[in-house]
Engineer: 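Sharing a structure below in structure tokens format, with a few things to ask.
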Amino acid sequence: MADSPIHHASFSVERAYRSPRERVFAAFTSAEARRRWLVEADGWTVHAYDPPAEVVPGAVESSRFSPPGADVVLTNDTTYLDVAPQERLIFAYAMTVDGKPLSSSLATVEFFDEGQGARIRFTEQGAYLDGDVAGREAGTRELLDGLATELGEA
């Protein structure tokens, strides 16, 4: 059997925030907030952003963007599968780079109270065609830093 070009992997990132769980959850479910900390992160160019009116099971979100100074276009198409307010979000997303498949993932974000603030656990299971799982995990950590900025904690 030939080696598969698909690298299957999972990772989990935990992060604590000083903001209450309701506010952290809202930053994940507000289209305006997501655009600031998730889509426009670190000066990326946004070519298109089509968020759902409401984050509910079956809602779909699409975006097209480019890293600073790069001439490549990435896409992210997300479908929300499970939404339990203040508790969890489960969504599937597929990414492309210049029209070619990059990855397909299932992500779960769990929200917990921690003192006066909140803790999240972001778990991703994916099929990565570029094999760069470490890069995806590092990117997720950077996005969660952007969430801290959105919350006024950076």
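Note that the structure is a prediction, hence the values are computed from the model and not measured. Below, each value reflects all heavy atoms present in this structure, side chains not excepted, and no hydrogens, waters or symmetry copies.
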Engineer: Do Arg21's NZ or CZ and the ring of Phe111 fall within the cation-pi criteria of under 6.0 Å and 45°?
Structural biologist: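 Checked: cation-pi criterion not met.
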Engineer: Give me the ring orientation class for Phe122 and Phe91: parallel if the planes are under 30° apart, tilted from 30 to 60°, perpendicular past 60°.
Structural biologist: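 Aromatic pair Phe122/Phe91 classed perpendicular.
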Engineer: Side chain to side chain contact (heavy atoms under 4.5 Å, CB included), that's the test. Do Val60 and Thr78 meet it? Break it down for me.
Structural biologist: CA-CA 6 Å; Val60 174; Thr78 299; over 6 Å; no
Engineer: Is there a side chain to side chain contact (heavy atoms under 4.5 Å, CB included) between Leu89 and Asp82? Walk through the geometry before answering.
Structural biologist: CA-CA 6 Å; Leu89 293 169; Asp82 182 55; over 6 Å; no
Engineer: Leu151 and Arg23: which non-hydrogen atoms are nearest, and at how many Å?
Structural biologist: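 Heavy atoms of Leu151 and Arg23 come nearest at O-NH1, 3.0 Å.
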Engineer: Check step by step if side chain to side chain contact (heavy atoms under 4.5 Å, CB included) holds for Thr45 and Val73.
Structural biologist: CA-CA 9 Å; Thr45 301; Val73 175; over 6 Å; no
Engineer: Rounded to the nearest 0.5 Å, what's the gap from CG on Leu106 to CG on Leu81? Could you check?
Structural biologist: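 It is 6.5 Å, given to the nearest 0.5 Å.
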Engineer: Rounded to the nearest 0.5 Å, how far apart are CD of Glu124 and OG of Ser12?
Structural biologist: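 Here the interatomic distance stands at 10.5 Å.
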Engineer: Between Arg141 and Glu137, is there a side-chain N and carboxylate O pair less than 4.0 Å apart?
Structural biologist: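 Glu137 and Arg141: salt-bridged.
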Engineer: Below 4.5 Å, heavy atoms only, C-beta onward: do Phe25 and Val83 meet side chain to side chain?
Structural biologist: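 They are in side-chain contact.
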Engineer: When rounded to the nearest 0.5 angstrom, what is the spacing between NZ in Lys100 and CG in Asp130?
Structural biologist: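 So the gap between those two atoms works out to 13.0 Å.
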Engineer: Can you tell me how far OG1 of Thr149 sits from CG of Leu144, rounded to the nearest 0.5 angstrom?
Structural biologist: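 Leu144 CG to Thr149 OG1: 11.0 Å, rounded to 0.5 Å.
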Engineer: Which pair of heavy atoms, one from Val56 and one from Tyr80, lies closest together, and at what distance?
Structural biologist: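 In this case the closest contact between Val56 and Tyr80 is O-CB, 3.6 Å.
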Engineer: Quick one: do Glu14 and Arg121 make a salt bridge, cutoff under 4.0 Å?
Structural biologist: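 Judged by the 4.0 Å cut-off on N to carboxylate O distance, Glu14 and Arg121 do form a salt bridge.
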Engineer: Any donor and acceptor pair, going by atom type alone, linking the side chain of Ser30 with main-chain N or O of Ala26 inside 3.5 Å?
Structural biologist: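 Such a contact is absent between Ser30 side chain and Ala26 backbone.
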Engineer: Would you mind reporting whether Ile6 and His8 have side-chain heavy atoms less than 4.5 Å apart?
Structural biologist: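 Yes - at least one pair of side-chain heavy atoms lies under 4.5 Å apart.
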Engineer: When hydrophobic residues are tied together by side-chain contacts of less than 4.5 Å, even through go-betweens, does Leu38 share a cluster with Trp44?
Structural biologist: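 Same cluster.
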Engineer: Looking only at side chains, do Glu61 and Tyr49 share a donor and an acceptor under 3.5 Å apart?
Structural biologist: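 A pair is found: one side chain offers a donor N or O, the other an acceptor, under 3.5 Å apart.
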Engineer: With a 4.0 Å cut-off on N to O distance, would you call Asp145 and Arg15 a salt bridge?
Structural biologist: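 The answer is yes: the pair qualifies as a salt bridge.
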Engineer: Closest approach of Phe28 and Arg34, non-hydrogen atoms and distance?
Structural biologist: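 Between these two residues, the closest heavy atoms are O-NH1, 3.0 Å.
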Engineer: For side chain to side chain contact (heavy atoms under 4.5 Å, CB included), just list the numbers for Glu153 and Tyr17, CA-CA rounded to whole Å, side-chain angles, deciding distance to a tenth of an Å, and then say yes or no.
Structural biologist: CA-CA 8 Å; Glu153 299 184 12; Tyr17 298 97; 3.4 Å; yes
Engineer: Does a side-chain heavy-atom distance below 4.5 Å link Val133 with His7?
Structural biologist: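 In short, these two side chains touch, coming nearer than 4.5 Å.
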Engineer: Walk me through it: do Glu110 and Arg88 pass the test salt bridge (charged side-chain N to carboxylate O under 4.0 Å, His left out)?
Structural biologist: CA-CA 4 Å; Glu110 299 169 275; Arg88 71 179 172 275; over 6 Å; no
Engineer: Applying the side chain to side chain donor-acceptor pair (under 3.5 Å) criterion to Ser62, which one of Asp77, Asn76, Thr75, Thr79 satisfies it?
Structural biologist: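 When Asp77, Asn76, Thr75, Thr79 are each tested with Ser62, the side chain to side chain donor-acceptor pair (under 3.5 Å) holds only for Asp77.
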Engineer: Met95 and side-chain contact (heavy atoms from CB on, under 4.5 Å): which single residue from Ser103, Ser104, Ser105 fits?
Structural biologist: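 Exactly one candidate clears the test, Ser103.
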Engineer: Are Leu143 and Trp37 side-chain neighbours, meaning at least one heavy-atom pair lies under 4.5 Å?
Structural biologist: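 Heavy-atom side-chain distance check passes, below 4.5 Å.
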Engineer: With rounding to the nearest 0.5 angstrom, report the CG to CG distance, Asp98 to Asp71.
Structural biologist: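 If I round to the nearest 0.5 Å, the distance is 7.5 Å.
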Engineer: Distance from Leu102 atom CG to Asp132 atom CG, nearest 0.5 Å?
Structural biologist: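 Result: 8.5 Å between the selected atoms.
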